[in-house]
2 protein chains.
Amino acid sequence: MSAKQQLTERIGQLLRDSKLSVTETRTKILELFMKSNGALEHADFDKLTGKSFDRVTVYRTLQTFLDKGIIHKIPTTDTSIRYALCKSECSEHHHHDHHVHFKCEECGNTVCLEETDVPAIHLPKGYAAHNIEVVVSGVCKSCK
Amino acid sequence: MSAKQQLTERIGQLLRDSKLSVTETRTKILELFMKSNGALEHADFDKLTGKSFDRVTVYRTLQTFLDKGIIHKIPTTDTSIRYALCKSECSEHHHHDHHVHFKCEECGNTVCLEETDVPAIHLPKGYAAHNIEVVVSGVCKSCK
DNA sequence: AAATAATTGCAACAATGTTGCAATTATTTA
DNA sequence: TAAATAATTGCAACATTGTTGCAATTATTT
């Protein structure tokens, strides 16, 4: 079995596990996530697939993946929301997204730093934290 | 001198200090920032001013304030970028925005927790950090 | 108070995101 | 495995958000 076939099989399994139909769009989009080593934004899917899918379909696919805990959003200060694959600990009802995100100012790429834990934050009295997002910007390994 | 007049005078001074003309739009928008205890998004200005200003003017005003270091952006995972006033340590060329942002899931309000410092993050080898953004979501003081 | 410089608002556009519905594709059932 | 059912896709149409050029207005300077 070729590497390509293996990837397709793995993606199919992931979709079935999430109780989703295995379709071309979903397979292709997951493939893009798995091949890319960073976060993707909506416009990337047009670029990377050569607009093979309708914009609406891409929006709906991303939303579905979010709902199922397959991908997560990364906060930004620009218009484009970024998405990245979740690790296996994430599920439909519980995200364990406790890693740091890094955005490189040189190449513009955003990556998940899985090894880097989000530190505990000591909030003022009366505040209850459910989720902590850390986005570091600077220069990445490849660009320095 | 009334409280209202004092605020207007303070705003005028802030604008002059930043080498900006003192106009109605800018004064009004800064007034909104100073009166609100949280971050504002573009749509808020329409709501709060009853659409007294053209959308374009509001966009340009916010951009100008960003450039001058009067306000800063707060990252989000939704479409709307949020803005909040900078403290006095910020200037045109250097932001000292090292506080934590908190978004309440109940009331939707985002606030700057000035007292809460951003912790040091230990990045993997090869990564250089310029800026660290921390956004905590949960339940705020008023909503718990 | 006039001259100059900066800001505003309009129009027109571009990009991003959403909804309903009919056609297509995937899954289930027999 | 073919028909029935269920889900997904693509289109059209629209809503929202953000951008640019330019003429009219307003603020600052001389």
Side-chain angles (χ1 to χ4, degrees), chain A residues 8-9 11-32 39-68 70-71 73-83 92 108 110, chain B residues 8-9 11-32 39-68 70-71 73-83 92 108 110:
Chain A
T8 307
E9 183 43 46
I11 288 171
Q13 198 52 55
L14 174 54
L15 288 172
R16 278 186 295 270
D17 288 350
S18 301
K19 300 193 172 58
L20 293 173
S21 304
V22 179
T23 69
E24 204 198 322
T25 319
R26 288 176 182 163
T27 305
K28 186 71 185 257
I29 288 184
L30 277 179
E31 221 178 286
L32 291 175
L40 299 174
E41 52 182 290
H42 186 93
D44 291 331
F45 299 102
D46 280 8
K47 276 178 230 146
L48 296 170
T49 65
K51 303 208 184 217
S52 23
F53 306 111
D54 194 80
R55 286 166 359 89
V56 179
T57 303
V58 176
Y59 280 118
R60 287 198 272 225
T61 302
L62 293 173
Q63 186 56 56
T64 303
F65 288 173
L66 282 172
D67 292 346
K68 294 292 184 177
I70 296 173
I71 59 175
K73 288 185 182 182
I74 301 167
T76 62
T77 50
D78 56 47
T79 317
S80 60
I81 300 160
R82 286 188 181 72
Y83 304 85
E92 181 159 0
T110 300
Chain B
T8 307
E9 182 43 45
I11 288 171
Q13 197 52 54
L14 174 54
L15 289 171
R16 278 185 294 267
D17 288 349
S18 300
K19 298 192 173 56
L20 293 174
S21 305
V22 180
T23 68
E24 204 197 323
T25 319
R26 288 176 180 163
T27 305
K28 186 71 186 255
I29 287 184
L30 277 180
E31 221 178 285
L32 291 175
L40 298 173
E41 52 183 290
H42 185 93
D44 290 332
F45 299 101
D46 280 8
K47 277 179 229 146
L48 295 171
T49 65
K51 303 204 185 222
S52 23
F53 305 111
D54 192 78
R55 284 165 1 88
V56 179
T57 303
V58 176
Y59 279 117
R60 287 198 273 226
T61 302
L62 293 174
Q63 187 57 56
T64 303
F65 288 173
L66 283 171
D67 292 346
K68 294 292 184 176
I70 297 174
I71 59 176
K73 288 185 184 183
I74 301 168
T76 61
T77 51
D78 57 45
T79 318
S80 59
I81 301 160
R82 284 187 185 72
Y83 305 85
E92 180 157 1
T110 299

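Just so you know, these numbers come straight off a predicted model, no measurement behind them. Letters go in sequence order (proteins before strands), and every chain restarts at 1.
Atom pair A:Ile11:CD1 and C:dA26:P shows a separation of 15 Å (rounding to whole Å applied). Regarding A:Glu41, its CD atom lies at a distance of 11 Å from the C1' atom of C:dT16, rounded to whole Å. Atom NE2 in B:His42 sits about 19 Å away from atom P in C:dA15, given to the nearest Å. Atom CG of B:Leu62 and atom P of C:dT8 are 11 Å apart (whole Å). Remark: P of C:dT16 and OH of A:Tyr59 are 7 Å apart, rounded to the nearest angstrom. Going from atom CZ of B:Phe53 over to atom P of D:dT26 covers 13 Å, rounded to whole Å. In this structure, A:Asp78 atom CG and D:dT17 atom C1' are separated by 14 Å, rounded to whole Å. If you measure from atom CZ of A:Arg26 to atom P of C:dA26, you get 11 Å, rounded to the nearest angstrom.
Looking at heavy atoms from C-beta onward, B:Gln63 lies in side-chain contact with B:Leu66 at the 4.5 angstrom threshold. The shortest distance between side-chain heavy atoms of A:Thr77 and B:Tyr83 does not fall below 4.5 Å. When side chains are defined from C-beta on, B:Phe45 does not count as touching B:Thr61, because their heavy atoms never get closer than 4.5 Å.
Evaluation of atom-type donor-acceptor distances gives no pair under 3.5 Å for the side chain of B:Arg55 against the base of C:dG9. No N or O donor and acceptor, one from the side chain of A:Arg60 and one from the base of C:dG17, sit under 3.5 Å apart.
Using the Watson-Crick or G-U wobble rule with both distances under 3.5 Å, C:dA22 pairs with D:dT9. For D:dT30, the paired nucleotide is C:dA1, the pair qualifying as Watson-Crick or G-U wobble because both relevant distances are below 3.5 Å. Figure legend. D:dT16 is base-paired to C:dA15; pairs are counted as Watson-Crick or G-U wobble with both atom distances under 3.5 Å.
Under the 3.5 Å distance criterion, the side-chain polar atoms of B:Asp44 are matched with a main-chain donor or acceptor of B:Glu41.
Checking B:Glu24 against A:Glu24, the closest nucleotide of DNA chain D that is more toward the 5' end is the one next to A:Glu24. Each of B:Asp54 and B:Thr79 was matched to the nucleotide of DNA chain C holding its nearest heavy atom; the match closer to the 5' end belongs to B:Asp54. Both B:Ser21 and B:Ala43 lie close to DNA chain D; mapped to their nearest nucleotides by heavy-atom distance, the more 5′-ward contact belongs to B:Ala43.
Relative to the side chain of B:Val56, the nucleotides D:dG18, C:dG17, D:dT20 differ in distance, and D:dT20 lies closest.
Between B:Ala39 and B:Arg82, the shortest heavy-atom contact is CB-CB, 4.0 Å.
Nucleic acid contact for B:Ser80: none, since no nucleic acid atom lies under 4.0 Å from a heavy atom of the residue. As judged by a 4.0 angstrom heavy-atom cut-off over every strand, B:Thr57 is placed among the base-contacting residues.
Side-chain nitrogen and oxygen atoms of A:Thr25 include at least one within less than 4.0 Å of the OP1 or OP2 phosphate oxygen of D:dT9.
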